[in-house]
Amino acid sequence: MGKPTVPPGGESEQERFAALIQLHYQVLYRAAYRLTRSEDDAEDLVQEVCVRAYPRLVEVERLEHPRGWLLRVLYRLFVDLRRRYERKNVRAIDENEEFVSGEPGPPEEAERALDRWRIEDAWHDVEGYSLAEIQSLTGLKEGTIKSRLHRARVRLGRLLQRDQVVTSMIEDPRGS
């Protein structure tokens with residue numbers, strides 16, 4: 001356990017918690033928005049993280065990297081809420097309904113998931129997390145994190161270059 005992240009002083013528990021969350025709110029909100037792609041859902045998710053973190057304020061204050069812990073709680077809550085939503089929203093198949101869907105198939109979904117994972121790795125780097133914070137957030141070893149960040153940077157660079165080429169072709173299809 002490290003030193004407290006917010007000086008304990010004579011502040012009330014509510015003031016200490018507000019100070020702690022204020023330090024990390026923007027990062028939490030951006031991460032929640034990337035996961036939910038909705039402002040309202042992102043706010044709700046961050047609020048739920050706060051509800052979970054408040055009773056554990058003393059523990060969180062003593063963490064060396066509270067941002068990583070808060071982000072891990074946020075991600076786990078998102079996954080739990082998503083699973084709960086999918087379990088509740090199962091619909092029956094109509095007798096006359098065809099089984100062919102316009103939705104992407106498993107290979108496309110897998111590729112999308114990999115792209116999201118790669119972009120998420122790149123975001124950790126872009127957000128300025130230290131290796132220790134990423135390790136706390138993901139539970140991966142430092143060497144694994146370094147190699148994945150390198151691959152993510154290379155992949156992101158390729159994607160951005162490809163997008164620039166496509167954009168320039170759309171803007172000037174003759175290449176002049």
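Computed from a predicted model, the values in this text were never measured in an experiment.
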Original post:
Between Lys146 and His150, does a side chain to side chain contact (heavy atoms under 4.5 Å, CB included) hold up when you go through it step by step?
Top reply: CA-CA 6 Å; Lys146 286 180 179 180; His150 175 73; over 6 Å; no
What is the distance from atom [atom1] of [X] to atom [atom2] of [Y], rounded to the nearest 0.5 Å?
{"X": "Leu70", "Y": "Arg72", "atom1": "CG", "atom2": "CZ", "value": "12.5 Å"}
{"X": "Arg67", "Y": "Leu74", "atom1": "CZ", "atom2": "CG", "value": "13.0 Å"}
{"X": "Arg56", "Y": "Leu63", "atom1": "CZ", "atom2": "CG", "value": "8.5 Å"}
{"X": "Leu35", "Y": "Phe78", "atom1": "CG", "atom2": "CZ", "value": "5.0 Å"}

Original post:
Are Val154 and Leu149 linked, directly or through other ILVMFWY residues, by side chains that come within less than 4.5 angstrom of each other?
Top reply: no
**OP:** Look at the side-chain heavy atoms of Ile, Leu, Val, Met, Phe, Trp and Tyr, link any pair under 4.5 Å apart, and say whether Val58 and Leu20 land in one connected group.
**Re:**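 Hydrophobic grouping puts Val58 apart from Leu20.
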**OP:** Check whether more than 12 heavy atoms from other residues, nucleotides or ligands sit under 6.0 Å from atom CD of Gln22, and answer yes or no.
**Re:** no
**OP:** Return the orientation label for the Tyr25 and Tyr29 ring planes: parallel under 30°, perpendicular over 60°, tilted otherwise.
**Re:** parallel
Can you confirm whether [X] sits close enough to [Y] that some side-chain heavy atom of one is under 4.5 Å from a side-chain heavy atom of the other?
{"X": "Tyr85", "Y": "Leu81", "answer": "no"}
{"X": "Leu140", "Y": "Arg148", "answer": "yes"}
{"X": "Arg30", "Y": "Arg34", "answer": "yes"}

Original post:
Who are the salt bridge (Lys or Arg N to Asp or Glu O under 4.0 Å) partners of Glu39, not counting sequence neighbours?
Top reply: none
Distance-only donor-acceptor hits, side chain of residues 41-52, under 3.5 Å, sequence neighbours excluded:
from: Glu48; atom 1: OE2; to: Arg52; atom 2: NE; distance (Å): 3.1
from: Glu48; atom 1: OE2; to: Arg52; atom 2: NH2; distance (Å): 3.4

**OP:** Could you check Glu61 against Leu57 for side chain to side chain contact (heavy atoms under 4.5 Å, CB included), going step by step and ending with a plain yes or no?
**Re:** CA-CA 6 Å; Glu61 285 179 319; Leu57 176 61; 3.8 Å; yes
